[in-house]
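Since the structure comes first, as structure tokens, the remarks are kept for the end.
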Protein chains: 2
Amino acid sequence: MVTKKDGRYAIKEAARLSGLPESTLRYYETIGLIDAIGRDPSSGHRVYSDDDINLVISVACLNTTGMSIEDMRKYLENWDKGAAGAGEQIGLLETQKHRLADEEHYLKLRRRYVDMKIAYWHAVVAGKKKEAEAIAKRAREIAKGLKLPKEGRK
Amino acid sequence: MVTKKDGRYAIKEAARLSGLPESTLRYYETIGLIDAIGRDPSSGHRVYSDDDINLVISVACLNTTGMSIEDMRKYLENWDKGAAGAGEQIGLLETQKHRLADEEHYLKLRRRYVDMKIAYWHAVVAGKKKEAEAIAKRAREIAKGLKLPKEGRK
DNA sequence: CGCTTGACTTAAAGTACTTTAAGTCTCTAA
DNA sequence: TTAGAGACTTAAAGTACTTTAAGTCAAGCG
């Protein structure tokens with residue numbers, strides 16, 4: 001890579017840019033999924049370079065696809081060895097894009113379901129038994145499309 | 001409840017009807033989130049009644065909303081109390097609703113960010129350096145509002 | 001009748017984080 | 001200049017499952 005902007009980012013920035021919690025960034029480092037990040041000599045705080053940020057974003061993309069840590073490890077190893085180019089990057093991003101779209105869909109359904117449950121309890125409090133039952137029925141209808149929320153990781 | 005259909009379902013059926021894996025059904029039972037399920041005397045296998053199935057489906061719904069186990073436990077306790085526990089019930093659900101709304105918001109941003117990244121790599125492949133840089137800048141702009149992706153369960 | 005197959009059982013270990021507790025460093029305001 | 005706030009550090013414990021290993025039971029087949 002020719003990128004040499006040499007940015008200096010705190011872990012907070014790395015978390016914001018990648019979408020991964022700080023705790024996860026530290027965790028991935030301790031298990032060796034990502035290499036040790038450079039430190040500020042006086043404070044001991046991690047200092048992320050532009051290259052580090054790009055790597056972390058890539059890892060975040062893999063993570064959001066539901067890939068297991070061991071698979072991510074292999075993928076990153078092959079990446080270094082094979083020097084996979086932009087094509088693989090794009091494929092990775094396309095996959096993730098679809099996954100995010102799906103997630104958004106289920107999230108909407110979940111929210112509608114929760115709204116329904118709230119309406120149900122309000123009806124119960126108001127003593128409107130019939131209405132409550134009708135709402136419960138509608139809730140069950142929504143729940144049908146509410147399959148698995150988080151895909152199991154291997 | 002007046003439901004007395006007295007169906008007899010194996011754990012496999014319960015899993016299929018609720019969408020929860022068998023392992024999770026067993027787990028929820030061992031931690032006491034759901035009461036002990038009756039057993040077939042000779043085989044020792046769990047036998048789910050219609051009421052059990054209804055409960056399990058409700059738990060599965062709560063689970064899909066991302067509610068923590070402790071919150072589910074409270075919710076189910078209030079359930080038994082009926083209208084008396086409705087207030088707490090609604091509070092729990094309102095919290096959940098806001099959590100889902102936030103998640104949806106960040107999901108949208110993340111998708112826009114991924115789209116930008118895809119456009120970036122296409123520009124790189126096409127050798128359009130200037131355009132790529134412009135896109136990268138826009139991506140960074142989006143990333144600013146891109147805080148935490150999946151909120152931790154308590 | 002013995003043997004395999006399949007569905008189930010439990011206990012324990014593994015996974016992927018997340019949270020908490022306790023401590024360090026730097027900066028600001030009194 | 002010292003006291004506190006804020007951002008970070010690590011190690012350890014906690015969470016919510018999932019997987020695995022080892023075993024039980026009931027049916028079907030040669």
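In this model, the phosphate group of dT19(D) is not approached by any side-chain N or O of Ser23(B) to a distance below 4.0 Å at OP1 or OP2. Taking 4.0 angstrom as the limit, Asn63(B) places a side-chain polar atom (N or O) nearer than this to OP1 or OP2 of dC17(D). Here Arg26(B) reaches the OP1 or OP2 of dT9(C): one of its side-chain N or O atoms lies under 4.0 Å away. Taking only side-chain nitrogens and oxygens, Tyr28(A) comes nearer than 4.0 Å to OP1 or OP2 of dC17(C).
Computed from coordinates, the Tyr9(B) OH to dC8(C) P distance equals 15 Å when rounded to whole Å. Regarding Glu29(B), its CD atom lies at a distance of 15 Å from the P atom of dC17(D), rounded to whole Å. As rounded to whole Å, 10 Å separates atom P of dT18(D) from atom CG of Leu25(B). Taking atom CD1 of residue Ile69(A) and atom P of nucleotide dT15(C), one finds them 9 Å apart after rounding to whole Å. Counting to the nearest Å, the P atom of dC17(D) and the CE atom of Met67(B) are 13 Å from each other. The interatomic distance linking Ile31(B) (CD1) with dA11(C) (C1') rounds to 16 Å, in whole Å. The OH atom of Tyr27(A) sits 10 Å away from the P atom of dT18(C) (whole-angstrom rounding). Glu70(A) has its CD atom 15 Å from the C1' atom of dT19(D), to the nearest Å.
Inter-residue side-chain proximity for Ile69(A) and Tyr27(A) is flagged as met; some heavy-atom pair is nearer than 4.5 Å. Tyr28(A) places a side-chain heavy atom less than 4.5 Å from the side chain of Ile31(A). In this structure the side chain of Leu55(A) reaches within 4.5 angstrom of the side chain of Ile34(A), judged on heavy atoms.
Here the side chain of Glu22(B) is nearest to one of dA16(D), dT18(C), dC8(C), namely dC8(C).
In this structure, SG on Cys61(B) lies 9.0 Å from CG on Leu20(B), to the nearest 0.5 angstrom.
Within the nucleic acid shown, Ile11(B) comes within 4.0 Å of sugar-phosphate atoms alone, with no base atom in reach, counting heavy atoms only.
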Let me check something: any side-chain donor-acceptor pairs from residues 40-47 of chain A under 3.5 Å, sequence neighbours excluded? List them with distances.
from: Asp40(A); atom 1: OD1; to: Ser42(A); atom 2: N; distance (Å): 3.0
from: Asp40(A); atom 1: OD1; to: Ser42(A); atom 2: OG; distance (Å): 2.8
from: Asp40(A); atom 1: OD1; to: Ser43(A); atom 2: N; distance (Å): 3.1
from: Asp40(A); atom 1: OD1; to: Ser43(A); atom 2: OG; distance (Å): 3.4
from: Ser43(A); atom 1: OG; to: His45(A); atom 2: N; distance (Å): 3.2
from: Arg46(A); atom 1: NE; to: Glu29(A); atom 2: OE1; distance (Å): 2.6

Exercise. Can you check side-chain contact (heavy atoms from CB on, under 4.5 Å) on Leu25(B) and Tyr48(B), steps first, answer last?
Worked result: CA-CA 11 Å; Leu25(B) 290 175; Tyr48(B) 291 77; 3.9 Å; yes
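Contacts between residues 33-49 of chain A and DNA chain D, defined by a heavy-atom separation below 4.0 Å, involve Arg39(A), Gly44(A), His45(A), Arg46(A), listed by number.
Side-chain atoms of Tyr9(A) and Asp52(A) include no donor-acceptor pair closer than 3.5 Å.
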